[in-house]
Amino acid sequence: MLFAGMTLGLYALGLILTGIGSRLASRCATWCCALCGLPMWMVSGTVVTLSAALPQLMLAFLASGLEVTALAVGTALAGAVTSLGLVLAWCFLRRDVVVDRGEFCRKCLLLAVACCVILFSVREGTLSYTGTGILMALFVVFVMQSIVYRHAFAFGEGVELVEIDSPAPGLPQTDTEGVARTAAFPAMSVANSLRNLGGTVLGLGLLGAGAGALLTSAVALANLTGTIQALWAATLISLGLNLPMFAEVLHHPLGSVWKNFAERCRIYPPQALPIQTLNSAILSVTFVLPVSSLMYRRRLPVGAQFRLYDLPFCLVMTCVLLLPPLLGRRLCRWQGAVCLGLYLVYLFAVLFLPRAGA
């Protein structure tokens with residue numbers, strides 16, 4: 001009991017360090033780019049977008065380096081399922097989604113293609129080198145697409161906003177300049193530059209320590225309970241890493257201390273949370289997974305549970321999100337209900353019908 005309590009305490013510490021470190025590093029890195037004179041549409045399309053999956057990347061990087069491949073793969077794939085089935089689904093249920101229709105459809109389509117590539121590439125139980133290369137190519141396409149969109153959005157070019165159950169697309173665009181800035185940045189000075197550079201390094205250090213604590217606690221819990229590591233990747237790890245975004249959806253029920261810190265470190269406007277959640281899922285599949293494969297230095301094992309549960313559920317959720325805006329040019333609240341239902345079925349399958357070889 002004492003060992004189990006210490007393990008859960010280490011897990012809680014890892015969540016805190018990961019949440020603080022990822023937000024501090026993302027905020028300060030964004031400021032550093034702004035202080036270097038980069039246009040905000042470029043910063044929004046690169047640093048802000050990539051920060052969505054920074055915790056998953058760090059944990060999977062450590063896990064694959066230590067050859068804990070089940071947690072590396074689970075962090076990527078289960079993290080994508082949780083982002084879509086819990087965080088984004090809850091945004092839909094709260095009718096708290098206003099997105100550009102074209103951008104939303106393109107990203108959903110990219111995620112669906114990535115899932116199909118993985119399904120085709122892991123038929124023999126390992127991620128092929130060809131599949132890794134295609135995923136990295138899709139990642140490059142994703143980044144270029146984000147940059148192009150942020151440029152168009154900053155200047156109000158071809159934006160078609162839609163919201164939940166709206167009768168027609170083409171809502172008036174509001175505060176595009178404020179969205180393009182995403183934050184008020186400090187004046188250029190040596191002190192500000194050094195402070196933000198130090199904040200980036202400190203944030204990455206805290207993130208690394210937190211990811212290490214999460215990895216250690218997950219392995220310890222798997223050994224203590226005699227369960228497969230994929231179970232903990234799909235539950236405690238993926239839920240924990242998505243908890244900060246889920247707290248934003250629920251308007252910060254975790255308390256005023258975390259709310260104040262999260263708002264001070266915010267690098268995107270609140271209305272961009274659904275797209276950031278979708279970005280997190282795409283990055284988990286197209287960036288975190290191939291980086292884990294490269295770090296492993298061999299063909300990355302992808303167990304039966306990931307092939308039979310995570311990938312199909314992620315693909316089905318993506319199709320549920322894609323089809324209404326693609327065919328009907330609108331978003332519907334029932335999409336969130338369906339994704340949340342699929343996520344609960346996924347959790348039931350992972351908890352009570354685990355597959356060997358995970």
Side-chain angles (χ1 to χ4, degrees), residues 19 49 52-53 55-56 74-101 103-112 114-115 161-166 233-254 262 268-286 288 306 309-352:
T49 299
Q56 290 88 337
T75 298
L77 298 182
V81 173
T82 305
S83 295
L84 298 179
L86 181 64
V87 182
L88 189 55
W90 210 263
C91 289
F92 273 75
L93 290 174
R94 293 177 63 94
R95 303 177 184 268
D96 201 11
V97 178
V98 178
V99 296
D100 175 68
R101 173 180 168 270
E103 178 71 355
F104 188 80
C105 290
R106 286 190 294 269
K107 290 190 173 182
C108 286
L109 183 60
L110 183 65
L111 181 56
C115 291
L161 299 181
V162 293
E163 63 178 351
I164 300 294
D165 294 325
S166 61
T235 52
L236 287 183
I237 297 298
S238 60
L239 285 171
L241 294 181
N242 280 280
L243 186 60
M245 277 193 171
F246 191 55
E248 286 190 51
V249 176
L250 300 179
H251 301 297
H252 295 287
L254 300 179
Y268 54 85
Q271 58 267 36
L273 178 60
I275 285 293
Q276 277 294 96
T277 304
L278 186 57
N279 289 341
S280 176
I282 296 173
L283 288 169
S284 294
V285 174
T286 64
V288 175
F306 303 121
Y309 292 158
D310 296 65
L311 287 170
F313 273 96
C314 186
L315 181 58
V316 172
M317 289 180 186
T318 304
C319 292
V320 169
L321 294 171
L322 171 64
L323 292 179
L326 181 64
L327 302 178
R329 306 177 69 87
R330 62 186 299 172
L331 298 174
C332 303
R333 194 182 184 194
W334 62 260
Q335 293 174 265
V338 172
C339 287
L340 183 59
L342 288 171
Y343 179 68
L344 294 178
V345 174
Y346 164 79
L347 283 183
F348 178 85
V350 167
L351 290 172
F352 299 105

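These values consider heavy atoms only, across backbone and side chains, with no hydrogens, waters or symmetry-generated copies. Predicted model only: the values in this text are computed from it and were never measured.
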For the residue pair [X] and [Y], establish whether any side-chain heavy-atom pair is separated by less than 4.5 Å.
| X | Y | result |
| --- | --- | --- |
| Leu111 | Leu84 | yes |
| Val162 | Arg330 | no |
| Val81 | Ser238 | no |
| Phe92 | Gln335 | yes |
| Trp90 | Leu250 | yes |
| Asn242 | Gln56 | yes |
| Leu86 | Leu239 | yes |
| Gln271 | Val99 | no |

Nearest heavy atoms of [X] and [Y], plus distance in Å:
| X | Y | result |
| --- | --- | --- |
| Leu322 | Cys105 | CD1-O, 3.5 Å |
| Ala52 | Ser280 | O-OG, 3.5 Å |
| Ala89 | Gly336 | CB-O, 3.4 Å |
| Cys108 | Leu278 | SG-CD2, 4.1 Å |
| Ala78 | Ala233 | CB-O, 3.8 Å |
| Ser83 | Thr277 | O-CG2, 3.2 Å |

(request) Evaluate the side-chain contact (heavy atoms from CB on, under 4.5 Å) criterion for residues Glu163 and Leu331: first the C-alpha distance (whole Å), next the side-chain angles of each, then the deciding distance (0.1 Å), finally the verdict. (result) CA-CA 6 Å; Glu163 63 178 351; Leu331 298 174; over 6 Å; no

(request) Could you walk me through whether Leu243 and Glu248 pass the side-chain contact (heavy atoms from CB on, under 4.5 Å) test, one step at a time? (result) CA-CA 9 Å; Leu243 186 60; Glu248 286 190 51; over 6 Å; no

Pairs of donor and acceptor atoms involving the side chains of residues 338-351, under 3.5 Å and at least two apart or interchain, shall be tabulated with distances.
residue	atom	partner	partner atom	Å
Tyr346	OH	Asp310	OD2	2.7

(message) Please check this pair: side chain of Arg333 against backbone of Arg95, looking for a donor-acceptor N/O pair closer than 3.5 Å.
(response)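 Judged by distance alone, no pair lies under 3.5 Å.
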
(message) For Phe104, give me all partners under ring pair (Phe, Tyr, Trp, His ring centres under 6.0 Å), at least two apart in sequence or on another chain.
(response) none

I need the [X] [atom1] to [Y] [atom2] distance, nearest 0.5 Å.
| X | Y | atom1 | atom2 | value |
| --- | --- | --- | --- | --- |
| Leu88 | Met245 | CG | CE | 10.5 Å |
| Leu326 | Arg106 | CG | CZ | 11.5 Å |
| Cys332 | Leu321 | SG | CG | 11.0 Å |
| Thr82 | Phe246 | OG1 | CZ | 11.0 Å |
| Thr318 | Ile282 | OG1 | CD1 | 8.5 Å |

